[in-house]
Amino acid sequence: MAPAEPRRSTTAPGPLPGEDAPGRRRTVRLVALGTFVVALGLMLALPPLDAADPDPTGPVSHYPPVASTAWTVLTLGLAAQSAALLLARRAPQTMLVVVAAIPVLVAALASRSADLFGLTTLPVVVAVVLAALRIPLVRLWPALAAASVLVVAGGAVLWALLAGGFRADPAQGLTTSIGQGVLQAVGAVGLPLLVTLVVLSRREVRVARTAEATAVDREEDARIDAAVSRERAAMARELHDIAAHHLSGIALMSAVIDRQIDTDPERAHEGVRQVREQSTAVLEDLRRLVGLLRDDSPAERAVETVAGIVDLVERARLRSDVRLEVLPAAGAGASRPLGDGVGPLAQLAAYRTVQEALANAALHAPGSPCTVTIDDRADDHLAIGVENGPATVPALGSTPAGGNGLRGMRERAELVGASLQVGPTEAGGWTVSLRLGREALPTPAPPAATADPGTTTEGPR
């Protein structure tokens with residue numbers, strides 16, 4: 001028994017978008033280093049810039065001297081925050097809480113860095129973005145809440161130690177410090193989170209649209225492939241019906257000619273003429289089929305109908321014993337056209353079915369009588385049957401690719417919703433029975449002419 005696959009943690013953070021594992025590690029390192037470099041650069045640049053352009057209306061800023069205790073503690077705090085960003089891949093929630101907790105310690109140890117203390121929110125902003133990119137908001141909100149509380153606490157500690165707001169009026173000092181801390185938490189946590197969620201939602205929409213477009217393209221390709229397959233099957237059936245009918249007759253007549261060429265030259269010459277007619281017919285049908293497939297040379301081709309089965313049987317009589325039995329409608333509708341009410345596609349299927357059945361009979365049961373029956377008596381359907389007896393001479397055999405004829409019959413019958421039954425008879429022959437439903441009621445025969453009631457055939461009295 002194979003060892004069970006270890007269960008994967010459902011709380012594992014997801015990857016940063018668009019990055020593989022080595023790329024994600026490199027990206028997080030660059031982000032952490034960039035955050036510290038930017039924060040350190042601002043620490044060094046803000047005092048000279050403020051001194052170069054002082055604001056006489058605002059409060060005077062007191063920046064800690066470079067390398068002083070307050071400046072060093074703030075620098076170490078920013079370095080610790082930047083280093084904590086490296087946990088973004090493995091523990092983004094812990095990383096966010098640690099980055100937000102370090103400023104509280106900095107405020108307690110270096111309250112004289114108040115004018116530069118706002119730089120500690122930069123790593124918090126970066127931590128919020130990294131965490132929101134890796135795990136969903138439904139699992140991140142506890143860490144976000146803890147980070148917000150810590151940001152508020154850092155501002156309150158700095159206010160209490162620097163301004164002594166809690167000694168003069170504790171209630172007012174608490175209210176003021178919390179209010180400033182909330183504003184700082186909104187700027188450090190709320191706004192970056194909102195921007196990140198907007199970016200993620202747009203990315204998800206873009207991915208969804210891309211997936212939808214891909215699905216549409218695949219569906220269109222599947223439809224095209226299905227249409228091509230149907231067309232290929234239709235062309236294969238048409239080509240088989242055309243070639244098998246004529247070529248089987250040519251093969252049969254060639255075998256007869258081979259036996260008659262010495263004993264009955266006159267009959268052999270007649271057989272050769274029939275082979276020539278069949279060859280010309282198959283070439284003409286193939287030329288029409290190729291014309292239908294080509295776009296630059298449209299070809300007109302008559303659609304075979306049930307009435308054309310009569311001519312089909314007449315041509316088949318030239319090479320074998322084929323009989324035709326037509327059972328027309330009786331009564332008032334006796335003069336209606338043969339196959340009236342049957343759709344053109346169904347009539348073509350009937351014609352091809354009889355054509356294939358005659359070709360199979362000539363190939364597998366040469367010399368046996370074959371009967372084609374067209375029963376047009378019912379008003380709701382048309383029945384066609386082709387039955388041949390057992391072979392009286394050795395069969396010519398079938399090709400290795402045999403069996404396509406019966407399959408083509410079934411496909412055509414299924415296409416027009418007809419009922420097809422094929423199989424051997426008790427006498428050792430073969431029978432094919434096709435039943436086609438009528439799409440419309442047969443056309444009624446015109447009423448018989450009657451004498452005008454106002455006239456009489458009698459002479460004057």
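When a residue number appears, it is its place in the shown sequence, counting from 1.
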Salt bridge or not for D375 and R435, using N-O below 4.0 Å?
no

Determine whether I384 and T373 make a side-chain contact, defined as any pair of heavy atoms from C-beta on separated by less than 4.5 Å.
no

Check V326 against P328 and note the closest heavy-atom contact, atom names and distance.
O-CD, 3.2 Å

With respect to Q93, which candidate in I135, V98, L87 satisfies the side chain to side chain contact (heavy atoms under 4.5 Å, CB included) definition?
I135

Nearest heavy-atom contact between L85 and T35 is CD1-OG1, 3.8 Å

Shortest non-hydrogen pair, A418 vs L434, comes out as CB-CD1, 3.8 Å

Shortest non-hydrogen contact between S368 and P390, atoms and distance
CB-O, 3.0 Å

Step by step, would you call L420 with V432 a side chain to side chain contact (heavy atoms under 4.5 Å, CB included)?
CA-CA 7 Å; L420 177 69; V432 176; 3.9 Å; yes

Note, V106 side chain near I102 side chain (heavy atom, < 4.5 Å)
yes

About how many Å separate CG of D376 and NE2 of H381, when rounded to the nearest 0.5 Å?
9.5 Å

Non-hydrogen atoms of M95 and L130 that approach each other most closely:
CE-CB, 4.2 Å

Out of curiosity, L122 CG to L42 CG, how far, rounded to the nearest 0.5 Å?
7.5 Å

Stepwise side chain to side chain contact (heavy atoms under 4.5 Å, CB included) test for Q81 and V99
CA-CA 5 Å; Q81 286 182 293; V99 171; 3.8 Å; yes

Do L327 and I374 touch side chain to side chain, with heavy atoms closer than 4.5 Å?
no

Interatomic distance, OG@S419 vs CD@E414, rounded to 0.5 Å, equals 12.0 Å

Is the closest basic N to carboxylate O distance between R323 and D321 below 4.0 Å?
yes

Got a second to check how far T353's OG1 is from R410's CZ, nearest 0.5 Å?
11.5 Å

List, one per line, each side-chain donor-acceptor pair under 3.5 Å for residues 209-218, sequence neighbours excluded.
| residue | atom | partner | partner atom | Å |
| --- | --- | --- | --- | --- |
| T210 | OG1 | R206 | O | 2.8 |
| T214 | OG1 | T210 | O | 2.8 |

When rounded to the nearest 0.5 Å, the distance separating CG of L382 from CG of L338 is 7.0 Å

More than 12 heavy atoms of other groups within 6.0 Å of E314 CD
yes

So, R352 and E356, do they make that salt bridge, N to O below 4.0 Å?
no

Please examine the side chains of L133 and R203, heavy atoms only from C-beta on, and report whether any two atoms are closer than 4.5 Å.
no

If you define the side chain from C-beta out and look only at heavy atoms, does anything of N360 sit under 4.5 Å from M409?
yes

Output all residues satisfying side chain to side chain donor-acceptor pair (under 3.5 Å) with N388, sequence neighbours left out; order by chain, then residue number.
none

When rounded to the nearest 0.5 angstrom, what distance separates CG in L40 from CG in L119?
10.0 Å

Check whether any side-chain heavy atom of V372 sits under 4.5 Å from a side-chain heavy atom of V354, and report yes or no.
yes

Is there side-chain contact between S433 and E387, with at least one heavy-atom pair below 4.5 Å?
no

If we only count heavy atoms from C-beta on, is the L137 to L144 side-chain gap below 4.5 Å?
yes

For the student: nearest non-hydrogen atoms of A88 and V28, plus distance:
CB-CG1, 4.3 Å

What side-chain donor-acceptor pairs closer than 3.5 Å can you find for residues 344-351, not counting sequence neighbours?
| residue | atom | partner | partner atom | Å |
| --- | --- | --- | --- | --- |
| Q347 | OE1 | V306 | N | 3.0 |
| Q347 | NE2 | G339 | O | 3.3 |
| Q347 | NE2 | V342 | O | 3.0 |
| Y351 | OH | R315 | NH2 | 3.1 |

Take V386 and L358 through the side chain to side chain contact (heavy atoms under 4.5 Å, CB included) test and state the conclusion after the steps.
CA-CA 8 Å; V386 180; L358 292 177; 4.3 Å; yes

